[in-house]
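Structure record follows, encoded as structure tokens.
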Number of protein chains: 2
Amino acid sequence: MPLTKEHKQKSREKILISALALFSKRGFDRVSINDVMQHAGLTRGAFYAHFESKEDLYAQAISNWPEQSGIVKEYFKGLRGKEFVAKAINGYLSRNHLNQAIPCPLASLVTDVANNNEKIREVYTDVYNKLVTVMNKESTLSESKKNDDMMMAVTAMMVGGVAVGRALVDPDLTDRLLESCRSVAHLLVEGEA
Amino acid sequence: MPLTKEHKQKSREKILISALALFSKRGFDRVSINDVMQHAGLTRGAFYAHFESKEDLYAQAISNWPEQSGIVKEYFKGLRGKEFVAKAINGYLSRNHLNQAIPCPLASLVTDVANNNEKIREVYTDVYNKLVTVMNKESTLSESKKNDDMMMAVTAMMVGGVAVGRALVDPDLTDRLLESCRSVAHLLVEGEA
DNA sequence: GTCTATAGAAAGATAGAC
DNA sequence: GTCTATCTTTCTATAGAC
């Protein structure tokens with residue numbers, strides 16, 4: 001076992017990825033530190049060499065999501081403006097997104113975060129702001145204030161559609177919900193409203 | 001302590017109301033049976049005379065929400081059609097709703113439910129269907145299939161707006177989010193899109 | 001039906017060896 | 001840095017008195 005900085009960094013990243021996958025699937029309280037460490041190929045005792053507490057891990061896992069999510073970067077490669085926004089809507093509100101090991105934490109952890117401490121709510125707010133900002137930047141509605149408001153509402157529908165879609169027990173209903181949100185979201189960003 | 005049916009029913013209702021208030025605020029795993037019973041003015045041991053398990057309580061508390069929520073009935077008294085839908089949007093996407101002791105569980109428990117068992121996801125789905133159905137019935141968009149889809153998207157935005165609004169740490173941002181969702185929701189149900 | 005007491009399991013965090 | 005072992009707390013669920 002090498003004691004190098006690189007090795008520690010590698011362990012840290014494995015822990016963060018395992019954490020986000022498990023937290024997304026079961027929520028903060030249904031995942032133990034032992035679960036995360038085993039998933040990362042380590043043991044309990046090593047945890048506190050990397051993180052101060054379970055809450056600390058949770059916060060860092062959420063804040064690292066935009067970087068961690070390799071799929072997202074790959075998915076949007078080279079796209080700009082209208083095409084970016086359209087693909088973001090379709091990708092976010094898709095069955096494939098719901099089935100990802102690491103879906104967007106804005107949707108998969110929204111209630112979990114609301115019931116947790118301030119630090120965690122801060123990193124959630126940061127991620128939310130990042131999403132709204134990128135959607136806003138790439139969208140092409142005319143008036144800038146209206147655009148900002150429109151994008152907050154569209155992202156709320158995206159997050160809501162995925163969050164509710166994950167909770168519903170009927171897959172057909174979930175698919176209808178996703179499809180409805182997709183079509184209305186496109187309508188809104190194309191400025192026909 | 002009377003052993004009448006009425007007394008049992010009274011206890012049962014107190015437990016259900018306490019449960020929904022506490023679950024809404026802290027989530028399933030952060031509320032103990034002891035917490036619920038104390039809030040209802042009883043002790044641990046009495047719990048199992050009313051419910052089979054904590055999951056059973058959670059499911060019944062959610063499914064009873066439409067009846068329990070006296071505010072909702074009062075709020076909509078006498079309203080129909082366009083006025084009902086407009087008031088539903090304004091009430092749901094309001095700061096006041098976020099501050100209620102018992103907000104709509106579709107928003108306050110969405111992640112909690114997604115991570116829980118099938119019975120619980122079933123009652124959540126039932127409540128969701130009730131909301132979409134009433135919104136759909138009272139709305140006045142022309143074509144019926146399009147109306148159904150539109151109302152699913154609008155409810156997703158309502159639930160998403162409230163759920164995300166509860167998670168954000170910045171009250172001003174939450175208020176902007178709620179306002180954006182309100183204005184876009186009105187735009188959508190008034191059929192100008 | 002409601003109470004007190006408790007069994008039994010799980011988890012967060014720490015201590016100390018290597 | 002990672003391991004095993006353990007302290008301590010908390011919680012669900014049950015047992016038995018009234």
Side-chain angles (χ1 to χ4, degrees), chain A residues 1-62 109 112-113 115-120, chain B residues 1-23 25-62 112-113 115-120:
Chain A
M1 301 170 199
L3 299 173
T4 65
K5 273 193 176 178
E6 290 77 17
H7 181 245
K8 177 168 185 181
Q9 179 62 17
K10 206 89 185 195
S11 289
R12 186 187 147 81
E13 278 171 21
K14 276 193 291 187
I15 296 169
L16 282 170
I17 290 172
S18 295
L20 204 48
L22 293 175
F23 284 137
S24 297
K25 186 166 278 181
R26 308 212 296 265
F28 182 81
D29 293 296
R30 304 204 156 186
V31 175
S32 69
I33 291 173
N34 196 32
D35 291 336
V36 174
M37 296 304 278
Q38 280 191 336
H39 190 275
L42 297 166
T43 54
R44 264 201 288 299
F47 177 77
Y48 293 92
H50 297 276
F51 301 96
E52 279 184 3
S53 65
K54 191 181 173 185
E55 279 83 4
D56 181 33
L57 168 65
Y58 192 69
Q60 297 208 38
I62 292 174
L109 298 176
D112 234 40
V113 167
N115 295 331
N116 223 310
N117 69 38
E118 190 155 331
K119 174 68 191 162
I120 288 168
Chain B
M1 299 171 200
L3 296 174
T4 65
K5 273 192 176 178
E6 290 76 18
H7 181 246
K8 177 168 185 180
Q9 180 62 19
K10 206 90 184 195
S11 290
R12 184 187 149 81
E13 277 170 22
K14 277 193 290 186
I15 296 170
L16 282 171
I17 290 172
S18 295
L20 204 47
L22 293 175
F23 284 139
K25 185 167 278 180
R26 307 212 297 263
F28 183 81
D29 293 296
R30 303 203 158 188
V31 176
S32 69
I33 290 172
N34 196 32
D35 292 335
V36 174
M37 295 303 277
Q38 279 191 337
H39 191 276
L42 298 167
T43 53
R44 266 201 287 298
F47 177 78
Y48 293 93
H50 296 276
F51 302 96
E52 280 185 1
S53 65
K54 192 180 172 185
E55 280 83 4
D56 181 33
L57 168 65
Y58 192 69
Q60 297 208 38
I62 292 175
D112 233 40
V113 167
N115 295 330
N116 223 309
N117 70 37
E118 188 155 334
K119 175 65 190 163
I120 288 168

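- Among the atoms of the strands shown, base atoms are found under 4.0 Å from some heavy atom of Tyr48(B).
- Of the candidate nucleotides dG1(C), dC3(C), dA13(D), dA13(D) has the atom lying nearest to any side-chain atom of Ile33(B).
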Verdict with supporting geometry, Leu16(B) and Phe51(B), side chain to side chain contact (heavy atoms under 4.5 Å, CB included): CA-CA 10 Å; Leu16(B) 282 171; Phe51(B) 302 96; 3.8 Å; yes

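- Atom CG in Leu57(A) sits about 10 Å away from atom P in dG12(C), given to the nearest Å.
- The aromatic rings of Phe28(A) and Phe23(A) sit parallel to each other, their planes meeting at less than 30°, with 60° as the upper class boundary.
- Atom NE2 of His50(B) and atom NZ of Lys8(B) lie 6.0 Å apart (nearest 0.5 Å).
- In this structure, Ser32(B) reaches the sugar-phosphate backbone alone: every heavy-atom distance under 4.0 Å involves primed, P, OP1 or OP2 atoms, never a base.
- Heavy-atom distances to DNA chain C give each of Glu52(A) and Ala46(B) a nearest nucleotide, and the one nearer the 5′ end belongs to Ala46(B).
- Picking from dT12(D), dT2(D), dG1(C) the nucleotide with the shortest atom distance to the side chain of Leu42(A) gives dT2(D).
- With distances taken from any side-chain atom of Arg44(B) to the nucleotides dT2(D), dT6(C), dA13(C), the minimum falls on dT6(C).
- Rounded to whole Å, the distance from CZ on Arg26(A) to P on dA10(C) is 13 Å.
- Taking atom CD on Glu55(A) and atom P on dA11(C), their separation rounds to 15 Å, with Å as the unit.
- In this structure, the CZ atom of Arg30(A) is 18 Å from the C1' atom of dG12(C), given to the nearest Å.
- The distance between atom NE2 of His50(A) and atom C1' of dA13(C), rounded to the nearest whole Å, is 16 Å.
- Between the side chain of Asp35(B) and the backbone N or O of Ser32(B), at least one donor-acceptor pair lies under 3.5 Å.
- The separation between Phe51(A) atom CZ and dA11(C) atom P is 20 Å, rounded to whole Å.
- For dT2(C), neither phosphate oxygen OP1 nor OP2 lies less than 4.0 angstrom from any side-chain nitrogen or oxygen of Thr43(B).
- In this structure, CG on Leu109(A) lies 11.5 Å from CG on Asn115(A), to the nearest 0.5 angstrom.
- Going from atom CG of Asp29(B) over to atom P of dA11(C) covers 11 Å, rounded to whole Å.
- Residue Ser11(B) places none of its side-chain N or O atoms closer than 4.0 Å to OP1 or OP2 of dG1(C).
- Following rounding to the nearest Å, Lys8(A) (NZ) and dT2(D) (C1') show an atom-to-atom distance of 12 Å.
- Listed nucleotides: dG1(C), dT2(D), dA13(C). Nearest to the side chain of Ser53(A): dA13(C).
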